[in-house]
Amino acid sequence: MGAGGPDEEDNRWPPWLKPLLKESFFVHCKLHADSHKSECNMYCLDCMNGPLCSLCLAYHKDHRAIQIRRSSYHDVIRVNEIQKHLDIAGVQTYIINSARVVFLNERPQPRPGKGVTNTCEVCERSLLDSFRFCSLGCKIVGTSQNPLKKMRARLMGSDSEDSYSSSSSSHGRFSNNKVQSFSPSTPPPTSNNYRTAKRRKGIPHRAPMGGLIIEY
């Protein structure tokens, strides 16, 4: 492939990174469902075969395994673990439970308020001035040489912001768009044309005089 092609871009990152960001952690392990330690919060960088529980690690001796943690329903990893295997320069770090961590994927956020001077280059989340990205996933997209990928990520970020902020107003916008996108074959009845249609289909209240028969 030529310079900047898909192969070259994929080679910029270790092969386990993108599969890691797509995984769903903190589910119960199917192999050790009867154990109270069956929560899958580990990942093997060598096997890349999905989330693992602590009991699964017995099958991954001498492998590079990392632990995923959770903060406010979002997956994080400690800096001292991930920086052994990945360059996290430009990604904002946070201190949670006395440990410095980075987020795996972007988090929806309402648009930055007044006074915000620096935001994530991909999802526009508020950042400290010394950082460019809010998560590892945003760094992958933000440093991509594919402009379409960047544009797609920005559009997805905008949709996430709209759905996250002001649930009542966003639900209203969604329902309005949904109605406008489907055009009914006949207009819905209003109070006036409903009464008119009812009179047309109903039986006349008075019969014509010519058809009246009087018996003595």
Side-chain angles (χ1 to χ4, degrees), residues 9-29 36-58 60-144 149-150 153-154 156-158 160-161 164-165:
E9 185 146 317
D10 289 340
N11 291 335
R12 298 177 58 198
W13 309 105
W16 49 262
L17 180 56
K18 291 182 180 180
L20 168 67
L21 299 181
K22 294 179 181 179
E23 294 291 353
S24 297
F25 293 93
F26 300 95
V27 296
H28 289 291
C29 179
H36 67 282
K37 298 181 179 180
S38 64
E39 188 175 60
C40 294
N41 63 344
M42 308 294 296
Y43 189 81
C44 180
L45 306 183
D46 296 314
C47 297
M48 299 182 292
N49 56 347
L52 306 172
C53 73
S54 58
L55 298 177
C56 292
L57 293 181
H60 298 265
K61 291 182 178 180
D62 301 325
H63 289 188
R64 298 173 299 165
I66 58 176
Q67 182 176 357
I68 306 303
R69 304 170 192 273
R70 180 153 285 190
S71 174
S72 301
Y73 303 101
H74 295 281
D75 296 335
V76 302
I77 186 170
R78 286 185 174 178
V79 170
N80 59 5
E81 286 191 64
I82 191 64
Q83 67 182 2
K84 299 176 184 177
H85 315 287
L86 182 69
D87 178 13
I88 61 171
V91 181
Q92 178 161 320
T93 60
Y94 301 83
I95 297 179
I96 299 176
N97 295 332
S98 302
R100 188 168 293 276
V101 302
V102 292
F103 283 85
L104 268 62
N105 293 291
E106 69 175 74
R107 293 160 293 151
Q109 180 194 32
R111 295 192 180 280
K114 295 181 179 179
V116 175
T117 58
N118 187 41
T119 60
C120 176
E121 295 180 9
V122 176
C123 70
E124 298 184 354
R125 185 174 184 85
S126 302
L127 299 178
L128 297 177
D129 291 339
S130 57
F131 298 101
R132 297 175 57 193
F133 309 106
C134 71
S135 64
L136 300 179
C138 283
K139 180 174 181 178
I140 291 179
V141 176
T143 56
S144 171
K149 184 182 295 185
K150 289 185 179 181
R154 283 188 175 276
M156 292 178 64
S158 298
S160 299
E161 290 167 0
Y164 186 83
S165 61

ask   = Is any side-chain heavy atom of F133 closer than 4.5 Å to a side-chain heavy atom of V102?
value = no

query = Would you say the side-chain atoms of S135 pair up with the backbone N or O of E106, donor to acceptor, closer than 3.5 Å?
reply = yes

task = Using atom types as modelled and distance alone, determine if a side-chain donor or acceptor of D87 lies under 3.5 Å from a backbone N or O of A89.
result = yes

ask   = Looking at S54, P51, S38, which hits side-chain contact (heavy atoms from CB on, under 4.5 Å) with C29?
value = S38

Verdict with reasoning, C44 to L52, per side-chain contact (heavy atoms from CB on, under 4.5 Å) = CA-CA 8 Å; C44 180; L52 306 172; 3.9 Å; yes

Approximate separation, where rounding is to 0.5 Å, of E39 CD and F26 CZ = 5.5 Å

ask   = Will you find, in the side chains of D129 and T117, an N or O donor that is under 3.5 Å from an N or O acceptor?
value = yes

task = Report the distance from atom CD1 of I68 to atom OG of S24, rounding to the nearest 0.5 Å.
result = 12.0 Å

key: Gap separating the OG1 atom of T119 from the CD atom of E124, nearest 0.5 angstrom   = 5.5 Å

note = One should read off an interatomic distance between L127 CG and C138 SG, to the nearest 0.5 angstrom, of 8.5 Å

query = So, do C56 and M42 sit near enough that their side-chain heavy atoms are less than 4.5 Å apart?
reply = no

ask   = Does the side chain of W16 reach to within under 4.5 Å of the side chain of D46, using non-hydrogen atoms?
value = no

ask   = Has the side chain of N118 got a donor or acceptor atom that lies under 3.5 Å from a matching backbone atom of F131?
value = yes

task = Determine yes or no for a side-chain-to-main-chain donor-acceptor pair under 3.5 angstrom, with Q92 supplying the side chain and L128 the backbone.
result = yes

message = side-chain contact (heavy atoms from CB on, under 4.5 Å), that's the test. Do Y94 and V76 meet it? Break it down for me.
response = CA-CA 10 Å; Y94 301 83; V76 302; over 6 Å; no

ask   = When you look at C47 and H63, which way does the side-chain contact (heavy atoms from CB on, under 4.5 Å) test go after all the steps?
value = CA-CA 8 Å; C47 297; H63 289 188; 3.4 Å; yes

query = Which value, rounded to the nearest 0.5 Å, describes the distance between I66 atom CD1 and I77 atom CD1?
reply = 3.5 Å

task = Using the side-chain hydrogen bond (donor to acceptor under 3.5 Å, both in side chains) rule, collect all pairs that involve residues 71-85, keeping only residues at least two apart or in two chains.
result = R70-D75

query = If you draw the axis of the six-membered ring of Y43, does the NZ or CZ of R69 fall within 45° of it and under 6.0 Å from the ring centre?
reply = no

Nearest-0.5 Å distance that lies between atom CZ in R107 and atom CZ in R125 = 3.5 Å

request  = Run the numbers on T93 and V101 for side-chain contact (heavy atoms from CB on, under 4.5 Å), then give the verdict.
outcome  = CA-CA 6 Å; T93 60; V101 302; over 6 Å; no

ask   = Between N105 and L21, is there a donor-acceptor pair closer than 3.5 Å when you use the side chain of the first and the backbone of the second?
value = yes

query = Hey, does the side chain of K18 reach the backbone of W13 with a donor-acceptor pair shorter than 3.5 angstrom?
reply = no

task = State, with a plain yes or no, whether a side-chain heavy atom of S126 is found less than 4.5 Å away from one of V116.
result = yes

